[in-house]
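This structure is a prediction, so every number in the text was calculated from the model and none was measured. No hydrogens, no waters, no symmetry mates; every other heavy atom, side chains included, goes into these values.
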Amino acid sequence: MSHELTHETATSRRALDFLVAFKVFASLGAMTAAITPAMVASEEGSTLRGSISAYWDVGISFWGPFGLAALLLFADGVISYLSPNRHRFGRRWYNIPLGVALAGLTTFNLDESKTLHYTFAFVFFILFFVLMAYTSAIGLVGRQISDDDHPHSDRGDDVRNSLVTLAFFGLGVLALGLHLIDVISFFFFELHALVVFALYHVVQSINPFPYPEYEFRNATVNRILRSVGIIRR
């Protein structure tokens, strides 16, 4: 009996490590969010509303996939702290507020709870843009932490990872700029941002950036980030 329990426990841990290492929940959640605009827009044929949030009243086509995406993002953040290899794979705290923000902007609609809706939407998009900027910065100008207990990944691979993230960040900023000068509508900015959001998570699931292995070259910045648990102590 004890042997079977040990085997089951080991199998469960391997499964958990797999889910965490390859960001399975986060990738599925991000892809679900990215396909939602097409689902809600299809409710009215070729007529598009001004934003994705304006489709809050179409029913399950709106809150169903966004709600599922929020749950998956939140779950990925939580289980990233439960994995036995969490120090290697990284503790993805950021997916917890991303999931909460996505759930919030889905629950509080644009017409009846405008302030709450915009607050959650602002948190969601800003946090995601900051995440991309952070990954790009620490990968390109940061340094690997010397620690025999945490073997280093390939530096060249990490730089390429950060360059891809920088390209995603640039695409997001470009779409925002085009919206601000009225070249594209807010709907298409949101659509573009959600597609970039999905691509970022899919790339990170295939080739995760090893956050625990890196710090910045500035001691003050590192001290601040360590104090809030973003950089490994």
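Within a 6.0 Å radius of CZ in F25, no more than 12 heavy atoms belonging to other residues, nucleotides or ligands are found.
Aromatic ring centroids of F18 and F22 lie under 6.0 Å apart.
In terms of the side chain to side chain donor-acceptor pair (under 3.5 Å) criterion, residue partners of T135 (sequence neighbours excluded) are, by chain and number, Y200, Y211. Legend: residues meeting side chain to side chain donor-acceptor pair (under 3.5 Å) with T119, ordered by chain and number and at least two apart, are absent. Annotation: salt bridge (Lys or Arg N to Asp or Glu O under 4.0 Å) contacts of E215 (sequence neighbours excluded): R143, R226. Residues satisfying the side chain to side chain donor-acceptor pair (under 3.5 Å) test with S27, not counting sequence neighbours, are S205. Residues satisfying the side chain to side chain donor-acceptor pair (under 3.5 Å) criterion with S136, sequence neighbours excluded, are absent altogether.
Considering all non-hydrogen atoms of both residues, I145 and P212 come closest at CD1-O, 3.8 Å.
Screening residues 51-67 for salt bridge (charged side-chain N to carboxylate O under 4.0 Å, His left out) gives R49-D57 as the qualifying pairs, with residues at least two apart or on separate chains. Residue pairs that meet the salt bridge (charged side-chain N to carboxylate O under 4.0 Å, His left out) test with at least one member in residues 167-179, sequence neighbours left out, do not exist here. Applying the side chain to side chain donor-acceptor pair (under 3.5 Å) rule to pairs touching residues 158-175 yields S153-D158, D158-Y214, N161-Q204, sequence neighbours excluded. Screening residues 178-188 for salt bridge (charged side-chain N to carboxylate O under 4.0 Å, His left out) gives no qualifying pairs among residues at least two apart or on separate chains. Residue pairs meeting the ring pair (Phe, Tyr, Trp, His ring centres under 6.0 Å) criterion with at least one member in residues 166-185, sequence neighbours excluded, are H179-F186.
When side chains are defined from C-beta on, I52 counts as touching F66, because their heavy atoms get closer than 4.5 Å. You'll find the side chain of W93 reaches within 4.5 Å of the side chain of Y81, heavy atoms only.
Through direct or relayed side-chain contacts under 4.5 Å between Ile, Leu, Val, Met, Phe, Trp and Tyr, M39 connects to I35.
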Going by atom type alone, with no hydrogens or angles, which donor-acceptor pairs under 3.5 Å involve a side-chain atom of residues 94-102 and a protein atom two or more places apart or on another chain?
from: Y94; atom 1: OH; to: K23; atom 2: NZ; distance (Å): 3.3
from: N95; atom 1: ND2; to: D76; atom 2: OD2; distance (Å): 2.8

